[in-house]
*Asks:* 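Have a look at this one.
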2 protein chains.
Amino acid sequence: MHVDADDVVVTQGTQQALDLVARVLLSPGDVVAVEDPGYRVAADLFASHGARVVPVPVDGEGIVVDRIPAGARLVYTTPSHQFPLGVTLSLGRRRQLLAHAARHGAAVVEDDYDSEFRHEPRPLDTLHCLDPTGHVIYVGTFSKSLLPSLRLGYLLCPPSLRPAVLAARQLTDGYGPPHLQAALARFIDEGLLARHVRRATRVYTERRALVLEELARLPVAVVPSAAGLHVAAHLTDDAVAAAAVVAAAAREGVELEALQPLGPGIREGLVLGFGATVTGSVRPGIRRLGRLLAGAGGSPTTPGPRRRSPASR
Amino acid sequence: MHVDADDVVVTQGTQQALDLVARVLLSPGDVVAVEDPGYRVAADLFASHGARVVPVPVDGEGIVVDRIPAGARLVYTTPSHQFPLGVTLSLGRRRQLLAHAARHGAAVVEDDYDSEFRHEPRPLDTLHCLDPTGHVIYVGTFSKSLLPSLRLGYLLCPPSLRPAVLAARQLTDGYGPPHLQAALARFIDEGLLARHVRRATRVYTERRALVLEELARLPVAVVPSAAGLHVAAHLTDDAVAAAAVVAAAAREGVELEALQPLGPGIREGLVLGFGATVTGSVRPGIRRLGRLLAGAGGSPTTPGPRRRSPASR
């Protein structure tokens, strides 16, 4: 992406970037389209600004653009590595989404939270790159590539929005700690961030290969993905409740999450993060998960004594 | 003040504390009463949340409580050292304000931005201390006592508001950089902040005495104050425009500000900050200001060639 320093608004993580966009663009009652399953925190944020959040399904090519309401003021997307499914928004869908935005005057938020870690070659161009019309607001973060506790993210927004976004930042919290930004700028300028991402990608790619190898033995269908620090998998036995599996796994020390649908009709599934763990724990962890799934299969109505309902988590 | 750790919500400076309060308490159209003259940034922030901001005059005892609209949902005040006039909210007014809040169900924000630096003994109890009913939200900051670039402030809010405030913080920007908070906590625990404030107060008190001594020779009426890092002074010659004096002073390297009224009927005046300067520059700076005031007096309609109108600043 070709970007000038003036195009970048530094934020306190992705979360503040989304909040600033919401402050500037949304009025109460505005429709915001979000991916389903999707990033619930973003949906909650838009709702807190009075928006009407409409979940839009995701298939193997990413968000189903045909299902985005024509009146949506804003479309929130994760094109590089859909959260949480992991699919890549196809080039066809990217063009379709940009055409939708141009036709209906919608803003598109491209939340690119972890695609620094690429496990397959040839990434697609970002929406921000492909967009000739200035409808895309690109959001990046250093939470995954470095540390969430840095609280550093940024947004690239069309010049027409920039003054309003900067004014909103000024009103919201003034500005962020400048010494953190200065240290990070130096870390980037000296090439240390690029080196860290290259090294970390090697580790993550190896770890991810182990995850996929182990998941291949389990009664799950892994969702294809090309980047990032987690993979999602649908349960092939529809009678097994993902939330119950997650709870049982937690009791055995294996941390994973269930896909959390925002609307109805979304398939159950598991999300396995491999960023905040060690490579040696992947194989034993997923094997423990496998034993749980083998035990859970076929007895959905007779849960064992240690199995909790999703509501009790 | 007696406060538990759970009562404290750490924020990104005063600004975010005010933003969180506004998010949680205000609906579009709500009336917010602010001091006039007052802290314009706060007024702008409340307005950005759709509030109707109503300026309330300040006299020698602080905000004139009788003039606060009965329907105000929130009253924004700076009781220890009114910004920018510097007066202390009298004990009588404090009680009157708390009674107003209790009677009308209004929230009171007590922005105590710089009263760590006390130049006179016996501070009054804070509104937060005096409030038996939980209507006061106390806001503090380390921007004056340490550094604005730390971006660390806090609010103490009634337990009934705390969950909403914490949820709003989570949605707004997640959380602040934890290592900064940890470093500051250690700085406080080891007594270093208290020591710094004691030492800095000695320097500031001496510097302030110089400011007052020099201002006594000028055609201004200094507003009495007991704390903080600035003093305000009304111009005794009503024909002199404060903004023009400020602009002329800036051209001679003397930085000060004009009182900026939010509504009509507020007297002109100057605000002299002595925090971010050196003691040695006080006397020559104010003497230069004095020469400007002497030159400006009596010729309000014939400005000199180097004098700019307020609009051109």
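Chain letters run A, B, ... following the sequence lines, proteins first and then strands; every chain starts at 1. These figures come from a predicted structure and were not determined experimentally.
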*Asks:* Out of B:L180, B:T14, B:V41, B:T11, which one racks up the most heavy-atom pairs below 4.5 Å with chain A?
*Replies:* B:L180
*Asks:* Looking at residues at least two apart in the chain, or sitting in another chain, which of them share a side-chain hydrogen bond (donor to acceptor under 3.5 Å, both in side chains) with A:R162?
*Replies:*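 Result, side-chain hydrogen bond (donor to acceptor under 3.5 Å, both in side chains) vs A:R162: A:D7.
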*Asks:* What part of B:L152 gets within 4.5 angstrom of chain A, counting heavy atoms only: side chain, backbone, both, or neither?
*Replies:*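 Neither the backbone nor the side chain of B:L152 comes within 4.5 Å of chain A.
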*Asks:* Identify the two heavy atoms, one from B:H179 and one from A:S149, that lie closest to each other, and give their separation to 0.1 Å.
*Replies:*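 Scanning both residues, the minimum pair turns out to be CE1-O, 3.9 Å.
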*Asks:* May I have all residue pairs that pass salt bridge (charged side-chain N to carboxylate O under 4.0 Å, His left out) and include part of residues 145-155 of chain A, sequence neighbours excluded?
*Replies:* none
*Asks:* With a 4.5 Å cut-off on side-chain heavy atoms, are A:Q15 and B:T172 touching?
*Replies:* no
*Asks:* Do A:D19 and B:R23 touch side chain to side chain, with heavy atoms closer than 4.5 Å?
*Replies:* yes
*Asks:* Do you know which of A:G153, A:G13, A:A17, A:G176 has the most heavy-atom pairs under 4.5 Å to chain B?
*Replies:*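 Highest number of heavy-atom pairs under 4.5 Å: A:G176.
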*Asks:* B:P148 versus chain A, heavy atoms under 4.5 Å apart: side chain, backbone, both or neither?
*Replies:*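 Answer is both: backbone and side chain atoms of B:P148 are under 4.5 Å from chain A.
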*Asks:* Under 3.5 Å, is there a donor-acceptor pair linking the side chains of B:Q16 and A:D173?
*Replies:* no
*Asks:* Is there a side-chain contact between A:P177 and B:L150, using heavy atoms and a 4.5 Å cut-off?
*Replies:* no
